[in-house]
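The chains referred to below are lettered A, B, ... by the order of the sequence lines, with proteins before strands, and numbering in each begins at 1.
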Amino acid sequence: MEKLDKLTGIVVPLDRVNVDTDAIIPKQFLKSIKRSGFGPNLFDEWRYLDHGEPGMDASRRVVNPDFVLNQPRYRDASILLARDNFGCGSSREHAVWALEDYGFRVVIAPSFADIFYNNCFKNGVLPAALPADVVDGLFRAVEAEPGYTLAVDLAAQEIATPAGVRHGFAIDPFRKHCLLNGLDEIGLTLEHRADIAAYEERRRRTAPWLFTADAGK
Amino acid sequence: MMAKTLYDKLWDDHVVRDNGDGTCLLYIDRHLVHEVTSPQAFEGLRLAGRRPWRAASVLAVPDHNVPTTDRARGISDPVSREQVETLDSNCREFEIIEFRMDDPRQGIVHVIGPEEGATLPGMTVVCGDSHTSTHGAFGALAFGIGTSEVEHVLATQCLNQKKSRAMQIRIEGQCGPGITAKDIALAVIERIGTAGGTGYVIEYSGAAVRALSMEGRMTLCNMTIEAGARAGMVAVDEITIEYLRGRPFAPRGEVWERAVAFWRGLRSDPDAVFDAVVEIDAAMIKPLVTWGTSPEMVTTIDGRVPRPEEVTDPVKRRGAERALEYMGLTAGMPIRDILVDKIFIGSCTNSRIEDLRAAAVVVRGRHVAANVKVAMVVPGSGLVKRQAEEEGLDRIFTAAGFEWREPGCSMCLAMNADRLEPGERCASTSNRNFEGRQGPGGRTHLVSPAMAAAAAIAGHFVDVREFSHLGA
Ligand code: SF4
């Protein structure tokens, strides 16, 4: 996982509530058994006017000029500004893989769906929840000013506007630590293998039905 | 001792260690796996040279990509086929039990787990699939995870989790005739909204919940994710225990007795405190139909498509306008006037035997309306299909003009060949009416199996309660 510390980037506003993971990456792209290459199909049904299928050459597709990602002023954006309940629906981590592959490292919204929020941290993407009125203000600012950027500082848990206004966001210390250092969570958990084995031993005695259920015996 | 909620009890039983930062390492008892969200996790294991911690806790099944017709020919789409074959080879390599596509027990992962007794009360159950909430019906802590977490559970049998807040949704009283668990689920979402459960785990209780069969409880818990909560649960009672007795993966003999004694305690203590309580009067619930592109865009069968100008919140108003445009509906039109092109009875929400029976009662002796192009029934598993055939339900459906398919996710998300064409409108018993969910440009209305069956016969939405006296 790529670490994330400080980032200043162009912000693209996606002004819809309840953006679901089906919209972020439509199901036909979930057939891939790989973890990369989803970026060209991020928001596929909104981004292109033709119907996308895996394996198509994105450069030959008919883009929807009205969709915000296709507007030249937002090219090279690395921060996505969104509305309430972003990432709801299916648990597909492909949604985060697509955002990350496209180049987004930060998503800002008033609220996120739970599983999506978790998935972000496994992939070096920061979901930052800011109060709804702050997000509203950012939407207005981004739309008013081409080239608008925000500066994200994960260590300080702050997002700063070009005018220097700082907005704090909350994040769990463990997730922050992993993201700042690009750590492999599995490796960290396996440091506690003795604890896991001891727990398992105890449960085998106290709740044996959880283990007889193994293998359909 | 402090009074505990069911969620507290399940949580406390599974803490391997407190990480001291607000999270705990939680032990996972049952890990269900399907072909779409697992290949990258297995690949991760291989790259790191790791093996599953406890392969016997894993049960795998291909369901999303499998064809629902003519299975003998295999999967024609090469990309789908590769994904299913990848699951097969991963399960072989890592010694994981898999019900393959040609296994009579194959089906939707959330149908087969309970059906096999692989989901037991008091377990933590995870799957790389948001509708894992279904399994909470058994008094289990069950939630969906992403692929990185699938890999984490495979490698460590654990997950780092932060405890959620607890919400109690009490559905008191009795549902009227023709009202099913699906209507209750939609009524909950109508009340609290699609983000209303965010950050919570929901326990459903009250007389109307106690009265539900396990199938109904699964339907209710299944849609918890659509209310934003990760997990939904129902306390254990005799209905739970009777359902599990004799299932293949369930314990037997003396261990069964011990298990049952423990399971009976899996309920919230009478004076347990919840962070939020919502009360719904079951008697007030009517058959519900979604009109928009989010499950909270829902109204009663005797209602009308809303007028966006009457929505005060500007963001919500724009959402409603956009939804009406996508759905091709006119503001203010009666729900009953909406004509349907396709009918889908299936999905992990409503594809169990009881759902098929409820639909069959409505269609028996009648015929699908002329304007309906395709009406299909997709049983949730091979065993559901077999039982339905033994009861003669398949003949009721086919005589009425329905197609009787092989089990799988099918048109719930249209990863296989079953899908809506652009502009087509579907009465669907699935759980998501998102844009494009059932096929690009497709228009989905979520309803109960009985309501979907009634729409098939009428060609438009109708109140199934007007059907019942004509039914069986
Ligand atoms: S039936 Fe639908 S919701 Fe359920 S697991 Fe399959 S795709 Fe997901």
Q: Can you confirm whether A/Lys176 is buried at NZ, in the sense that more than 12 heavy atoms of other residues, nucleotides or ligands lie under 6.0 Å from that atom?
A: yes
Q: For residues 80-96 of chain A, which residue pairs qualify under salt bridge (charged side-chain N to carboxylate O under 4.0 Å, His left out), counting only residues two or more places apart or in two chains?
A: A/Asp15-A/Arg83, A/Asp22-A/Arg92, A/Arg35-A/Glu93, A/Arg83-A/Asp136
Q: Let me know if B/Thr86 has heavy atoms under 4.5 Å from chain A in its side chain, its backbone, both or neither.
A: side chain
Q: Side chain, backbone, both or neither: which part of B/Leu413 has a heavy atom under 4.5 Å from chain A?
A: both
Q: Is it the side chain or the backbone of B/Arg322 that comes within 4.5 Å of chain A heavy atoms, both, or neither?
A: side chain
Q: Are the side chain of A/Lys122 and the backbone N or O of B/Glu149 linked by a donor-acceptor pair below 3.5 Å?
A: no
Q: Side chain, backbone, both or neither: which part of B/Arg419 has a heavy atom under 4.5 Å from chain A?
A: side chain
Q: Please work out whether the ring planes of A/Trp209 and B/Trp263 are parallel, tilted or perpendicular, with thresholds of 30° and 60°.
A: perpendicular
Q: What residues of residues 179-186 of chain A sit under 4.5 Å from chain B when only non-hydrogen atoms are counted?
A: A/Asp184, A/Glu185, A/Ile186
Q: Where on B/Thr198 is there a heavy atom nearer than 4.5 Å to chain A: the side chain, the backbone, both, or neither?
A: side chain
Q: Taking the side chain as everything from C-beta on, heavy atoms only, tell me whether A/Asp195 gets closer than 4.5 Å to B/Leu25.
A: no
Q: Heavy atoms only, distances under 4.5 angstrom: which of B/Glu43, B/Lys162, B/His131 has the most pairs with chain A? Name it, please.
A: B/Lys162
Q: Which one, B/Cys127, B/Gly144, B/Ala259, B/Gly122, leads in non-hydrogen pairs under 4.5 Å with chain A?
A: B/Ala259
Q: Tell me, side chain or backbone of A/Lys27 under 4.5 Å from chain B's heavy atoms, or both, or neither?
A: both
Q: Is any side-chain heavy atom of B/Trp53 closer than 4.5 Å to one of A/Glu200?
A: yes
Q: State, to 0.1 Å, how close B/Pro440 and A/His51 come at their nearest heavy-atom pair, and which atoms those are.
A: CG-CE1, 3.0 Å
Q: Please determine whether side-chain contact (heavy atoms from CB on, under 4.5 Å) holds for the pair A/Asn123 and B/Ser148, giving the CA-CA distance in whole Å, both sets of side-chain angles, and the decisive distance to 0.1 Å.
A: CA-CA 8 Å; A/Asn123 296 283; B/Ser148 294; 4.3 Å; yes
Q: The test is side-chain contact (heavy atoms from CB on, under 4.5 Å); show your working for B/Glu296 and A/Asn18 and say whether it passes.
A: CA-CA 10 Å; B/Glu296 70 188 3; A/Asn18 295 326; 3.4 Å; yes
Q: Under a 4.5 Å cutoff for heavy-atom pairs, which residue among B/Gly319, B/Gly436, B/Gly22, B/Gly44 has the most contacts with chain A?
A: B/Gly436
Q: Heavy-atom distances under 4.5 Å only: say whether B/His64 touches chain A with side chain, backbone, both or neither.
A: neither
Q: Chain A heavy atoms under 4.5 Å from B/Asp77: which part of the residue, side chain, backbone, both or neither?
A: side chain
Q: Of the backbone (N, CA, C, O) and the side chain (C-beta and beyond), which part of B/Val150 lies under 4.5 Å from a heavy atom of chain A, both, or neither?
A: neither
Q: Verify side-chain contact (heavy atoms from CB on, under 4.5 Å) between B/Met415 and A/Gln28, making sure each step is shown before the conclusion.
A: CA-CA 6 Å; B/Met415 262 183 97; A/Gln28 60 269 34; over 6 Å; no
Q: What's the separation between atom CG in A/Asp20 and atom CZ in B/Arg437, rounded to the nearest 0.5 Å?
A: 8.5 Å
Q: Can you tell me which portion of B/Arg258 sits under 4.5 Å from chain A's heavy atoms? Options are side chain, backbone, both or neither.
A: both
Q: Do other residues, nucleotides or ligands put more than 12 heavy atoms under 6.0 Å from B/Glu95 CD?
A: no
Q: Could you check A/Asp172 against B/Asp21 for side-chain contact (heavy atoms from CB on, under 4.5 Å), going step by step and ending with a plain yes or no?
A: CA-CA 8 Å; A/Asp172 288 343; B/Asp21 59 359; over 6 Å; no
Q: Going from CG on A/Leu188 to CG on B/Asn160, what distance comes out if it is rounded to the nearest 0.5 angstrom?
A: 8.5 Å
Q: Report yes if some heavy atom in the side chain of B/Gln157 is under 4.5 Å from a heavy atom in the side chain of A/Thr189; otherwise report no.
A: no
Q: Looking only at the side chains, is there a donor atom on one of A/Trp97 and B/Gln40 sitting less than 3.5 Å from an acceptor on the other?
A: no
Q: Would you check if A/Arg203 and B/His14 make a side-chain contact, meaning some heavy-atom pair closer than 4.5 Å?
A: yes
Q: Could you pull out the closest heavy-atom pair between A/Ser90 and B/Ser130, with the gap in Å?
A: CA-OG, 3.7 Å
Q: First locate atom CD1 of A/Ile196, then atom CZ of B/Arg17, and finally report the distance between them rounded to the nearest 0.5 Å.
A: 9.5 Å
Q: Could you tell me the separation between the CZ atom of B/Phe42 and the CD1 atom of A/Ile33, rounded to the nearest 0.5 Å?
A: 12.5 Å
Q: Considering only heavy atoms, which portion of A/Thr21 lies under 4.5 Å from any heavy atom of chain B: side chain, backbone, both, or neither?
A: neither
Q: Report the residues that fulfil side chain to side chain donor-acceptor pair (under 3.5 Å) with B/Asn416, sequence neighbours left out, ordered by chain and then residue number.
A: B/Asp418
Q: Rounded to the nearest 0.5 Å, how far does CG of A/Asn119 lie from OG1 of B/Thr147?
A: 7.0 Å
Q: Which pair of non-hydrogen atoms, one from B/Gln83 and one from A/Leu30, has the smallest distance, and what is that distance?
A: NE2-O, 2.7 Å
Q: Let me confirm one number: the CZ-CG distance from B/Phe143 to A/Asp114, rounded to the nearest 0.5 Å.
A: 9.5 Å
Q: Quick one: what part of B/Ala55 sits under 4.5 Å from any heavy atom of chain A, side chain, backbone, both or neither?
A: neither
Q: Verify, without hydrogens or angle tests, whether B/Arg432 (side chain) and A/Gly89 (backbone) share a donor-acceptor contact under 3.5 angstrom.
A: yes
Q: Sort out for me which of B/Ile225, B/Ile145, B/Thr23, B/Thr37 touches chain A most, counting heavy-atom pairs under 4.5 Å.
A: B/Ile145
Q: Tell me, which pairs form a ring-ring contact (aromatic ring centres under 6.0 Å, His included) where one or both residues lie in residues 105-140 of chain A, sequence neighbours left out?
A: A/Phe86-A/Phe116, A/Phe112-A/Tyr117, A/Tyr117-A/Phe121
